[in-house]
Amino acid sequence: MRGVVFLGERDVALREFPDPTPGPGEVVLKMRSSGLCGSDLRPYRGPRRDPATVKICGHEPCGEVVALGPGVTHARLGDRVMVHHYLGCGECKYCRVGYSQLCLKDHITYGSSAHGGNAEYMLTAESTLVRLPDELTFEEGAAIACGTGTAYMALKRLDVSGRDTLAIYGQGPVGLSGTLLGSRMGARVIAVDIVPERLELARRHGAEVTINAAETDPVEAIRALTHGEGADAALDCTGNPEARVNAVRCARTFGRVCFVGEGNTTTFNVSPDIIHKQLTIYGSWTFSTVGLEECARFIADRKVPLREIITHRFRLDQAAEAFRTFDSGKTGKCVFVMD
């Protein structure tokens, strides 16, 4: 089979690998779609890697079960599934509630420490599988399998509802998913970014107001839109230190703020910006298997048009073009389509 690997310094390759064979408790998926994620850009842009040790990338897999290993009890041939892209011990308290990325012993991450989904086939543990609702496409399933699911869980943690003005910093795939989902949860969404193309996507998919932070102070703009009080809730999807500070500063007294953007170090003026405002601040790292299923069902039941924020589709043999396009920072969601 063929699979995509990161070689570093913005170099990718499509390589041949042996077709996988499932062991005890494992299944093989015929990959139908796999998403590109902002966290992929770290190894993509990073230093050169040892070609002998690289794994197939892709941690947003969605496909069809085509082979079952011994001891598989629930999966069936032909099942349409997403993959929760972590595998832990399966026994600790976090694994038992579906948060295997928080495993107290250790965990692997598909697409990083184990072969991922940017391939023709994928070997994974049965315990990672989450059924894809029949109403959703494989492409939508790939989006939900990380970026969109991450946005959903952050909004759930913020307890977003129709009472809220919600500021979302960053309108890449995660932030744009947050805009789409937050508006369907009833919130008044204010989308913040510095890329005009992404702000236009946000306007089309649920943002009542968009703010270009390269031209306008977003904190002052959000206060002006909320009678001087600030947003009820703010979500940072950038990992950018300035955007994180602005997410905290734009929130009203007794407001809520959630961080999902990875990387960097940020300094806050804790007393005036957090303590004296009585803020509640959350960190949210992807989701559990239960949360992944809940997100997919929310999108299917409410007919959320997730497919409309998928702006680019690529074949595996277009991997170099795919990551070059995604690295431009001007796209919506990008996915590989294997059929």
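The figures here come from the full heavy-atom set of this structure, side chains too, leaving out hydrogens, waters and symmetry mates. Everything numeric here is computed off the predicted structure, so don't read it as measured data.
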Q: Within a radius of less than 6.0 Å around OH of Y282, do more than 12 heavy atoms belonging to other residues, nucleotides or ligands occur?
A: yes
Q: Would you say N264's side chain and G239's backbone share a donor-acceptor pair under 3.5 angstrom?
A: yes
Q: If you measure from CG on D40 to SG on C334, what distance do you get to the nearest 0.5 Å?
A: 11.0 Å
Q: Could you give the distance from OG (S284) to CG (D236), rounded to the nearest 0.5 Å?
A: 12.5 Å
Q: D79 side chain to R76 main-chain N or O, any donor-acceptor pair under 3.5 Å?
A: yes
Q: So, are R80 and E64 salt-bridged, with charged N and O less than 4.0 Å apart?
A: no
Q: Identify whether NZ of Lys or CZ of Arg in R10 sits under 6.0 Å from the centre of the six-membered ring of F323 and within 45° of that ring's axis.
A: no
Q: For a quick test of reading the model, state the closest non-hydrogen atom pair linking T286 to C146 and the distance between them.
A: CG2-SG, 4.4 Å
Q: Please say yes or no: joined through hydrophobic side-chain contacts below 4.5 Å, possibly via intermediate residues, are F326 and L306 part of one cluster?
A: no
Q: Without swapping roles, check the side chain of Q101 against the backbone of H107 for a donor-acceptor pair under 3.5 Å.
A: no
Q: Donor-acceptor pair, distance only, cut-off 3.5 Å: does the side chain of R252 make one with the backbone of E229?
A: no
Q: Between R188 and D232, does any side-chain N to carboxylate O distance fall below 4.0 Å?
A: no
Q: Is the shortest side-chain heavy-atom distance between T253 and H276 below 4.5 Å?
A: no
Q: If you apply the rule salt bridge (charged side-chain N to carboxylate O under 4.0 Å, His left out), what do you find for K105 with E91, and how did you get there?
A: CA-CA 9 Å; K105 295 181 180 179; E91 299 175 353; 3.5 Å; yes
Q: Can you check whether E26 reaches V72 side chain to side chain, under 4.5 Å on heavy atoms?
A: no
Q: Run the side-chain contact (heavy atoms from CB on, under 4.5 Å) test on C57 and V5 for me, step by step, so that the C-alpha distance in whole Å, both residues' side-chain angles and the decisive distance to 0.1 Å come before the verdict.
A: CA-CA 6 Å; C57 61; V5 297; over 6 Å; no
Q: Check this for me, if you would: do E321 and R324 make a salt bridge, where the nitrogen-to-carboxylate-oxygen distance has to be below 4.0 angstrom?
A: no
Q: What closest approach, in Å, do I222 and A167 show between heavy atoms, and which atom pair accounts for it?
A: CD1-CB, 3.8 Å
Q: Determine, stepwise, if the pair R249 / F268 fulfils side-chain contact (heavy atoms from CB on, under 4.5 Å).
A: CA-CA 9 Å; R249 291 182 59 227; F268 298 103; over 6 Å; no
Q: Looking at S288 and V97, what are the two nearest heavy atoms and their distance?
A: CB-O, 3.8 Å
Q: Does I281 belong to the same Ile/Leu/Val/Met/Phe/Trp/Tyr cluster as I168, with side-chain heavy atoms less than 4.5 Å apart forming each link?
A: no
Q: Would you check if there is a donor-acceptor pair between the side chains of E262 and S39 at a distance under 3.5 Å?
A: no
Q: When you measure from the side chain of S177 to the backbone of P173, do you find a donor-acceptor pair of N or O atoms at a distance under 3.5 Å?
A: yes
Q: For the backbone of L36 and the side chain of K333, can you confirm whether one donor and one acceptor N or O come within less than 3.5 Å of each other?
A: yes
Q: Hey, would you say the H115 and Y110 ring centroids sit under 6.0 Å apart?
A: no
Q: Got a donor-acceptor contact below 3.5 angstrom from the N240 side chain to the A243 backbone?
A: yes
Q: With a 3.5 Å distance limit and no angle check, can you tell me whether T216 reaches the backbone of P218 through a side-chain donor-acceptor pair?
A: no
Q: Just wondering, more than 12 heavy atoms not from I194 lying within 6.0 Å of its CD1?
A: no
Q: Compare every heavy atom of S33 with every heavy atom of F138, then report the nearest pair and how far apart it is.
A: O-CB, 3.6 Å
Q: Are L29 and V337 co-members of a hydrophobic cluster defined by side-chain heavy atoms under 4.5 Å apart?
A: no
Q: Under a 4.5 Å cut-off applied to non-hydrogen side-chain atoms, are I274 and V248 in contact?
A: yes
Q: Just how far is it from atom CZ of F336 to atom CG of N118, taken to the nearest 0.5 Å?
A: 5.0 Å
Q: Any luck finding a side-chain donor-acceptor pair between E294 and Y152 under 3.5 Å?
A: yes
Q: Do the ring centers of W285 and Y86 come within less than 6.0 Å of each other?
A: yes
Q: Would you check if the side chain of K55 reaches a backbone N or O of G116 as a donor-acceptor pair within less than 3.5 Å?
A: no
Q: For the backbone of S161 and the side chain of D164, can you confirm whether one donor and one acceptor N or O come within less than 3.5 Å of each other?
A: yes
Q: Just checking, any donor-acceptor pair under 3.5 angstrom between side chains of T109 and S113?
A: no
Q: Can you check side-chain contact (heavy atoms from CB on, under 4.5 Å) on N212 and D193, steps first, answer last?
A: CA-CA 5 Å; N212 188 327; D193 206 298; over 6 Å; no
Q: Sort and list the pairs that fulfil ring pair (Phe, Tyr, Trp, His ring centres under 6.0 Å) and have at least one residue in residues 171-216, not counting sequence neighbours.
A: none
Q: Rounded to the nearest 0.5 Å, what's the gap from SG on C62 to CE on M338? Could you check?
A: 10.0 Å
Q: Might you confirm whether atom CD of E242 has over 12 heavy atoms from other residues, nucleotides or ligands at distances under 6.0 Å?
A: no
Q: What are the two closest heavy atoms between A296 and P133, and how far apart are they?
A: CB-CD, 3.7 Å
Q: Could you tell me if the side chain of R313 sits less than 4.5 Å from the side chain of E139, heavy atoms only?
A: yes
Q: Would you check if there is a donor-acceptor pair between the side chains of T137 and E140 at a distance under 3.5 Å?
A: yes
Q: V260 versus L235: any side-chain heavy-atom pair under 4.5 Å?
A: yes
Q: Strictly by modelled atom types, are T179 and Q171 linked by a side-chain donor-acceptor pair under 3.5 Å?
A: yes
Q: Tell me, which pairs form a ring pair (Phe, Tyr, Trp, His ring centres under 6.0 Å) where one or both residues lie in residues 46-71, sequence neighbours left out?
A: H59-H85
Q: State, yes or no, whether a side-chain contact exists between E197 and T331 at a heavy-atom distance under 4.5 Å.
A: no
Q: Tell me, do D317 and R2 make a side-chain contact under 4.5 Å, heavy atoms counted?
A: yes
Q: Looking only at heavy atoms, which two atoms of V28 and P22 are closest? And how far apart?
A: CG2-CD, 3.6 Å
Q: Return the CD1 to SG distance between I190 and C250, rounded to the nearest 0.5 Å.
A: 7.5 Å
Q: If only side-chain N and O atoms count, and only distance matters, is there a donor-acceptor pair under 3.5 Å linking R256 with T280?
A: no
Q: Output, in order, the C-alpha distance, side-chain angles, deciding distance and verdict of side-chain contact (heavy atoms from CB on, under 4.5 Å) for Y121 and M31.
A: CA-CA 5 Å; Y121 295 93; M31 292 305 305; 5.7 Å; no
Q: Taking V335 as the starting point, is it possible to reach L292 by hopping between hydrophobic residues whose side chains are less than 4.5 Å apart?
A: no
Q: Does R297, at its CZ atom, have more than 12 non-hydrogen atoms belonging to other residues, nucleotides or ligands within less than 6.0 Å?
A: yes
Q: Between E16 and M1, is there a side-chain heavy-atom distance shorter than 4.5 Å?
A: no
Q: Got a second to check how far C95's SG is from L102's CG, nearest 0.5 Å?
A: 8.5 Å
Q: Taking ring-ring contact (aromatic ring centres under 6.0 Å, His included) as the definition, give me every residue that meets it alongside F287, ordered by chain and number, with sequence neighbours left out.
A: H84
Q: Is there a chain of hydrophobic side chains (I, L, V, M, F, W, Y, each step under 4.5 Å between heavy atoms) that links L181 to L166?
A: yes
